[in-house]
Amino acid sequence: MDERKDLTGGALIIRGAGILGGDSADILIRDGLVAEIGQGLRERTGAGDVEVVEAAGLIALPGLVDLHTHLREPGREDAETVETGTRAAARGGYTAVHAMANTDPVADTAGVVEQVWRLGQESGRCDVRPVGAVTVGLRGERLAELGAMADSAAQVRVFSDDGKCVWDAVLMRRALEYVKAFDGVVAQHAQEPRLTAGAQMNEGAVSGRLGLTGWPAVAEEAIISRDCLLAAHVGSRLHICHVSTAGSVEIIRWAKSKGWDVTAEVTPHHLLLTDDLVEDSPLGSYNPIYKVNPPLRTRADVEALREALADGTIDCVATDHAPHPVEDKETEWAAAAMGMIGLETALAVVQEAMVETGLLDWAGVAERMSAAPARIGRVAGHGRPIAAGEPANITLYDPAARAAVDPAGYASKSRNTPYEGLTLPGRVVATFLRGRPTVLDGKLT
Ligand SMILES: [Zn+2]
């Protein structure tokens, strides 16, 4: 704590970073804000109380913002806590995350969202914006206290029953109408429950060969279609969580073409991994590390998701960081929990899937991993350009690094990463939250 404080006293200069991958410049930070951007700032500011962070060869991005993180506290502190999850977030280059509501107790009252918000404040490494549940206990029967959560200290703007779908059309309509009063958004986990009862993986050739119950694309696409129509009908904002199929992309593209206020996210794993890994992978067959909701889909779906993220049909990347303890994942496929961690690999996977393929440049990455999620979640002070007068939420990234993923060193309490042993590009070198380093030289401060 004290060490971190020392660095906030004076000014700080990030020397020679390529802003959004462009020309290199020095960034002078003072009192938590970007004070000036230019050349030779170290020389001009003199030898006073100025910390210097050397950043030659590094890219400066606005601090990343995640719309979809499972921090698991309260209730599953064996999987993750706000403290460990925000450490993982900082190591991944994030300065703000949204904490999903499917905790125990569920974040469906002002009391619980304020508790999560307060824990985030105490952690100090990353701002935590609690997501409020749409329905009481995520049970899909009646609306939670949306207004009370919006008015609370946590100022909830994103509401989601994530993990479950708000499948009742009347409840979904009411939620969409209700959140308009405080500029909120309903983030839907689109999954028709009857079509996915007992589903274990994507429905297709691989599930047929393996004899696992399939999860049809139509179960996702039917809910997305319905909700786009409902959002248009009531004139409200809809956000679609973890889009995973090519068909979903087509529906969202159509909804956007009508001018409807629909936004969407894709996870890093759905941009890189496919369902055939369940049958055959470097980590063996039937490895539950690949069990996730929504499931990994086909190569054609991955191609469509990448294209949609590039052309703006999908607005942003969200991790769906879903930590689970070893005993819940390292078990037989049918019994294993669904989900994978992702905060500490998100930027590397996006570089691999989107930048190395020429689909996005770094300005495009900044838009989709910082600006857009901050806009959708109404997160003030984040997702802003790196410019004089703006809050100094900045990530320094080395795109030339390459290393095999080794979860042993992760800050997350859980280890359920599907990338273990895989060589991925890039390395988060430093993260600054309002000018204060939360990560330096790849390590937590
Ligand atoms: Zn979900």
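Just follow the structure's listing: the first ligand is 1, and inside any ligand the first atom is 1.
Side-chain atoms of Thr86 and Arg125 form no donor-acceptor pair, as typed in the model, at a separation below 3.5 Å.
Within 6.0 Å of atom CZ in Arg427, more than 12 heavy atoms from other residues, nucleotides or ligands are found, so the atom counts as buried in its surroundings. The 12-atom threshold is exceeded at CZ of Arg402, counting heavy atoms of other residues, nucleotides or ligands nearer than 6.0 Å.
A side-chain contact (heavy atoms from CB on, under 4.5 Å) with Arg226 is found for one member of Arg173, Glu192, Gln188 and no other, namely Gln188. None of His239, His98, Glu265, His321 except one satisfies the side-chain hydrogen bond (donor to acceptor under 3.5 Å, both in side chains) rule with His68; the exception is Glu265.
Nearest N, O or S atom of His242 to the Zn ion (ligand 1): atom NE2. Looking at His189, its N, O or S atom nearest to the Zn ion (ligand 1) turns out to be ND1.
Here Cys241 does not reach the Zn ion (ligand 1): none of its N/O/S atoms is less than 2.8 Å from the metal. For Asp162, the nearest N, O or S atom to the Zn ion (ligand 1) falls under 2.8 Å. Residue His68: no N/O/S atom is found under 2.8 Å from the Zn ion (ligand 1).
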